[in-house]
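Atoms within a ligand are numbered from 1 in the order they appear, just like the ligands themselves. Just so you know, these numbers come straight off a predicted model, no measurement behind them.
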Amino acid sequence: MIVVHGGAGRIGPERHARMRSGCLAAARVGHAILVAGGTALDAAIAAVRVLEDDPEYNAGTGAVLTREQTVETDAAVMDGRTQRVGAVAAVPNMGRAIDVARAVLDDGEHVLLAGTAALTFATERGIAQAPLDSLITERARQRFAEESARRQRGVAATSTVREGGTVGAVAMDRAGNFAAATSTGGIVYKRTGRVGDSPIPGAGTWADVRIAVSVTGDGEAVLRVALAHQIAMRVSLSGASLAGAVAASLADLKAITAGDAGVIAIDRHGPVIVHTTPTMPTAWIDDTGEHDEIDRFATQR
Ligand code: ASP
């Protein structure tokens with residue numbers, strides 16, 4: 001079973017079909033790995049890689065721009081069976097940050113590498129930086145222009161206004177192991193060096209022996225409540241259902257921070273998908289077949 005998301009936000013109706021089909025294509029790649037007996041970790045990473053390469057999403061190619069009009073990405077992968085994590089934060093010009101995160105996990109010395117240290121590590125592992133121009137899309141430039149105009153009026157967009165486009169995947173393999181992977185360009189017009197929730201274990205990404213979670217949305221808000229870990233603790237300590245844990249944690253997020261987010265999560269019983277933003281493109285493949293949605297799981301608009 002695999003679930004993929006393409007970011008909580010507000011995507012115009014003209015792009016809905018494209019965003020859904022991109023997620024489904026990614027889910028199929030991950031699912032093929034599971035069917036062939038591969039691990040949840042490999043499947044989740046493979047799915048995320050497809051969306052990093054897809055210019056429609058805010059990760060890898062198509063990542064949003066910082067205030068200095070550069071690209072810095074965050075990514076994390078977590079293996080539920082071992083609770084080992086690999087993550088990178090604010091890495092400049094990386095097309096596939098998820099591969100660097102995976103290399104950090106495999107290496108095992110550290111959990112999170114940031115900025116140029118992550119780049120040095122990537123180079124050591126033979127993962128090349130992308131030429132900047134190859135990552136920046138017309139849409140990313142447009143999003144930057146819109147946000148800078150907004151900032152000049154003294155306002156900043158939140159995830160109910162932004163298009164979003166962060167990508168993530170959660171998977172369970174035949175052995176019953178879980179994994180989660182998340183990758184993002186972060187939020188448009190962020191300061192360089194800003195790190196969001198996505199690469200932080202327990203905030204934007206989490207997997208253990210019971211569940212896997214990938215979060216998207218208002219990163220600062222998600223960090224403040226450690227959203228993914230909150231969901232996991234509700235399940236493991238209070239015996240809540242996964243759906244109940246996600247709903248209660250999103251309600252807490254709203255009450256404490258006024259922030260919005262989207263969550264994809266799985267346990268042995270299947271997927272849970274919820275977002276408090278208008279849209280979150282999602283696809284999943286389980287025993288019941290292939291599915292994709294973009295606004296069906298919105299809990300408020
Ligand atoms: N949560 C991401 C961040 O704050 C952004 C997003 O999911 O849209 O970096």
Side-chain angles (χ1 to χ4, degrees), residues 4-11 15 19 22-23 48 51-52 54 56-60 62-67 70-76 87-92 94 97-98 101 112 114-115 139-140 143-144 146-147 156-170 180-206 213-231 249-250 253-254 257-265 273-282 294 297-298:
V4 167
H5 75 75
R10 178 188 292 274
I11 290 168
R15 293 182 62 222
M19 299 303 281
C23 285
V48 161
L51 296 178
E52 285 183 334
D54 188 328
E56 293 290 322
Y57 299 88
N58 170 22
V64 297
L65 303 182
T66 67
R67 209 164 289 188
T70 57
V71 171
E72 290 188 355
T73 51
D74 296 340
V88 291
V91 200
M94 190 50 73
I98 206 70
L112 173 61
R139 177 179 303 285
R143 288 176 72 168
F144 177 85
E146 284 164 13
E147 184 64 14
T158 62
S159 70
T160 53
V161 173
R162 286 193 297 265
E163 286 189 327
T166 289
V167 308
V170 292
T182 313
S183 181
T184 186
I187 51 174
V188 61
Y189 210 77
K190 67 183 181 182
R191 287 180 188 277
T192 51
R194 177 265 185 188
V195 176
D197 58 309
S198 310
I200 306 302
T205 306
W206 181 262
V213 185
S214 174
V215 177
T216 163
D218 293 324
E220 277 70 12
V222 170
L223 279 163
R224 284 168 58 197
V225 304
L227 190 70
H229 192 251
Q230 211 187 111
I231 294 167
S249 302
L250 282 169
L253 176 82
K254 193 72 173 179
T257 69
D260 286 279
V263 172
I264 58 168
I273 300 163
V274 185
H275 49 104
T276 65
T277 54
T279 61
M280 182 174 74
T282 313
I294 187 159
F297 300 108

State, without any angle test, whether Ser214 and Thr182 hold a side-chain donor-acceptor pair at a distance under 3.5 Å. yes

Applying a 4.0 Å heavy-atom criterion (strictly less than), which segment of Met280 is in contact with ligand 1: side chain, backbone, both, or neither? neither

Heavy-atom distance to atom 7 (O) of ligand 1: which of Val64, Asp197, Thr216, Val215 wins?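 That would be Thr216.
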
Out of Arg194, Glu220, Lys190, whose heavy atom sits nearest atom 4 (O) of ligand 1? Arg194

Flag [X] as yes when one of its N or O atoms lies below 3.5 Å from any N or O atom of ligand 1, and as no otherwise.
X	value
Gly186	no
Gly219	yes
Thr184	no

Checking side-chain contact (heavy atoms from CB on, under 4.5 Å) between Tyr189 and each of Arg143, Arg194, Glu147, which is the one that passes? Glu147

Would you call Gly204 a ligand 1 contact, heavy-atom distance under 4.0 Å?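 No, Gly204 has no heavy atoms under 4.0 Å from ligand 1.
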
Identify the protein heavy atom lying closest to atom 8 (O) of ligand 1, giving its residue, its atom name and the separation to 0.1 Å.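 Atom 8 (O) of ligand 1 sits closest to the protein heavy atom Thr166 OG1, 3.3 Å.
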
For the backbone of Val64 and the side chain of Asn58, can you confirm whether one donor and one acceptor N or O come within less than 3.5 Å of each other? yes

Please answer whether the main-chain N or O of Ser183 pairs with a side-chain N or O of Ser198 as donor and acceptor at a distance below 3.5 Å. no

Any chance you could lay out the side-chain hydrogen bond (donor to acceptor under 3.5 Å, both in side chains) test for Asp218 and Ser159, step after step, and finish with the verdict? CA-CA 6 Å; Asp218 293 324; Ser159 70; 3.1 Å; yes

Ile11 versus Glu163, closest heavy-atom pair with distance: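 Heavy atoms of Ile11 and Glu163 come nearest at CG1-O, 3.5 Å.
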
